[in-house]
Amino acid sequence: MIQALRGTRDILPEEIVYWQLIERTAKDILSKAAFQEIRVPIFEQTALFERGIGEATDVVGKEMYTFTSRGGKTSITLRPEGTAGVARSYIQNKLQAQGGVQRLWYTGPMFRYERPQAGRQRQFHQIGLELIGSNAPRADVEAIAVATDILKALGLKNLSLAINSVGRGEDRQKYRETLLTYLEPYKEELDADSRDRLERNPLRILDSKDQRTQEIAQDAPKIIDSLSDSSKKHFDAVLQMLTDLEIAYQIDHCLVRGLDYYTHTAFEIKSSDLGAQATVCGGGRYDGLIAELGGAETPAIGWAMGIERLVILLQELAQVSVDAPDLYFVSRGEQAEAQALTLAQKLRQSGLAVELDLSGSAFGKQFKRADRSGAVACLVLGDAEAETRSVNLKWLASGEQSTMTQTEVLQGIETLKNKISALH
RNA sequence: GCGAGCGUGGCCAAGUGGUUAAGGCAGUGGUUUGUGGUACCACCAUUCGCGGGUUCAAGUCCCGUCGUUCGCCCCA
């Protein structure tokens, strides 16, 4: 049997209702904040991600789905995240010409070759926001506020916002030196992974889960103490506005995000109801990315949410059920079945959700299914009704039923709709 | 890429080397050949993810493989 590839999965109707709820809620809140949807390709030239995300990162180094185009010349990569593509689009379509700030959002699948785990798939889905063209601290806060609004609207609990500033390139370079000097005497005590990172990416050592390394990291010099005055000022302004908006946060001096393009504000929203993959939303400022990709110097901030993780949380706290039809159509007999199809179509065109039983099985069986469908009423059309072009309407809860002509049903459609919506 | 656990019908499962692989849900047919949600009856795995091995005997033990779960790594 051919089965779905590892790390990919089917989202069946029972689960899709949660996805739809998330997408609807996010879209609603994003629209209210005047963000507009953008759809960019799922694959791009590999160079976009190498340059944008950074060649030294794990995502680029070992997690990308990269292949050569049929022509054999172009190296192509399935997007591992959304920001690089949006930034590319911003430059290519000269969106800056349309005025100061672009407020964009996107949703769709992303691809990373990783070991699948709860809340981590090889094909996974994100909803993301990119606010491009403003370097104001206010932009950072607005982006974060929209994210927290979405999570709040979904009714999610036990979330916490962690925030830090990684400053600008110069700040980070300076901090790197300071940190290395501090770590030098502890070199032998660090865990193996962290020792590897000393050269490659010392900032990530702060994030280690190894107990001894964590103890060492506890007392390490903090990056915010290495920030330039302007970087510090930016960060303080962000924190102040978060407080003004009553958005709770905690400064996490160890928070360093994994993609190279982040500058200044970095943040994560985590849930304590998930396992190791606890981050439901992550993002930050990326003032250097657009210039790095060949555009003009353009400040920007963005974030992405992992839809699969939101679905897990939502399933734990709410029952969302698949939409039931308004009417279930029971029919049997050649003439009757033909008339049922016609009438069902007309009712659908009038705005009712009608499920037509196609089984042709005994009436008893069809009624049983009518029950399970969750419909409030069913229509019954058999040989007798077909003869007189009538139909029987039966209310499933009361068992009450009445026969009328098919024309009468359509004429009385508004009262029928009202009665159905009252019973749903 | 590394470590550990798990894998019995569509779903949830019992089963801890001995002969016909419990049970529940769902499904199908019937009691009720045109009226449901209840009840009752019947049917529904030549087979235990797949391949190999040990044994007189394997769902049960061993090896491999695939899948899955949890953790590391990474990240949303």
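In what follows, chains are A, B, ... by sequence order, proteins preceding strands, each numbered from 1.
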Task: Atom P, compared across B:G10 and B:C63: separation rounded to whole Å - done: 29 Å
For A:Phe367, does the six-membered ring have the charged nitrogen or CZ of A:Lys394 within the cation-pi criterion, i.e. under 6.0 angstrom from the centroid and within 45° of the normal? yes
request  = Sticking with atom P, work out how far B:G64 lies from B:G3, rounded to a whole angstrom.
outcome  = 12 Å
- Message: Considering every strand and a 4.0 Å limit on heavy-atom distances, what is the contact class for A:Gln277: base, sugar-phosphate, or nothing?
- Response: base
When rounded to whole Å, the CD to C1' distance for the pair A:Glu63 and B:C73 reads 9 Å
ask   = Using a cut-off of 4.0 Å on non-hydrogen atoms, how would the nucleic acid contact of A:Gly128 be classed: base, sugar-phosphate, or nothing?
value = nothing
Next item on the list: Between B:C44 and B:C50, how far apart are the C1' atoms? Round to whole Å, please.
Entry: 24 Å
note: A:Arg309, atom CZ; B:C74, atom P; distance rounded to Å ~ 14 Å
message: Taking the P atom in each of B:C62 and B:A4, what is the distance between them to the nearest angstrom?
response: 14 Å
To the nearest angstrom, the CG-P distance between A:Leu310 and B:A76 comes to 13 Å
Re B:A26: Watson-Crick or G-U wobble partner, both distances kept under 3.5 Å, found to be none
- [ ] Verify the distance criterion only: is there a donor paired with an acceptor across the side chains of A:His234 and A:Asp140 at less than 3.5 Å?
- [x] yes
- Query: Are a donor atom and an acceptor atom from the side chains of A:Glu130 and A:Tyr90 found within less than 3.5 Å of each other?
  - Reply: no
Whichever of A:Val59 and A:Tyr113 has the more 5' nearest nucleotide on RNA chain B, that residue is A:Tyr113
To the nearest angstrom, the CZ-P distance between A:Arg115 and B:C72 comes to 13 Å
Going 5' to 3' through nucleotides 29-42 of chain B and flagging B where a protein heavy-atom sits under 4.0 Å of the base, S where only the sugar-phosphate is that close, and - otherwise, we get S----BBBB-----
Rounded to whole Å, the NZ-P distance (A:Lys62 to B:C72) equals 15 Å
In this structure, CG of A:Leu343 is separated from CD of A:Glu385 (nearest 0.5 Å) by 11.5 Å
In whole angstroms, the gap separating P of B:A76 from CD1 of A:Ile150 amounts to 16 Å
A cation-pi test, strictly: NZ or CZ of A:Arg122 under 6.0 Å from the centre of the six-membered ring of A:Tyr113 and no more than 45 degrees from its axis. Yes or no? yes
Pick base, sugar-phosphate or nothing for A:Ala370, based on heavy-atom distances below 4.0 Å to the nucleic acid.
nothing
Are A:Arg9 and B:U69 close enough that a side-chain N or O sits under 4.0 Å from OP1 or OP2? no
> Does a donor on one side chain and an acceptor on the other come within less than 3.5 Å for A:Glu15 and A:Trp19?
Replying inline: yes
In whole angstroms, the gap separating C1' of B:G27 from CG of A:Asp357 amounts to 14 Å
In Watson-Crick or G-U wobble terms, with both distances under 3.5 Å, the base opposite B:G7 is B:C66
By nearest-nucleotide position on RNA chain B, the 5'-leaning member of A:His125 and A:Arg6 is A:Arg6
Atom CD of A:Glu114 and atom P of B:C2 are separated, to the nearest Å, by 15 Å
| said: For the P atoms, the ones on B:G67 and on B:A45, what distance do you get once it is rounded to whole angstrom? | reply: 29 Å
Pairing partner of B:U60, by Watson-Crick or G-U wobble and under 3.5 Å for both distances, is none
*Taking only N and O in the side chain of A:Gln117, is any of them less than 4.0 Å away from OP1 or OP2 of B:G71?*
yes
Problem - Donor-acceptor pair present, A:Arg120 side chain and B:C70 base, under 3.5 Å - result: no
Checking N1-N3 plus N6-O4 or O6-N4 for Watson-Crick, or N1-O2 and O6-N3 for wobble, each under 3.5 Å, the partner of B:G1 is B:C72
Taken to the nearest 0.5 Å, the spacing of A:Arg285 CZ from A:Tyr262 OH works out to 12.5 Å
Sticking with atom P, work out how far B:U65 lies from B:G24, rounded to a whole angstrom.
-> 39 Å
* Under 3.5 Å side-chain donor-acceptor pair for A:Asp252 and A:Asn164 -> no
*For nucleotides B:G59 and B:G9, find the distance between their P atoms and express it as a whole number of Å.*
15 Å
Next on the checklist: Looking at A:Trp395, I'd like to know if the NZ or CZ of A:Lys419 sits under 6.0 Å from its six-membered ring centre while staying within 45 degrees of the ring's axis.
Outcome noted: yes
In Watson-Crick or G-U wobble terms, with both distances under 3.5 Å, the base opposite B:A39 is B:U31
In whole angstrom, give me the gap between the C1' atoms of B:C12 and B:A26.
11 Å
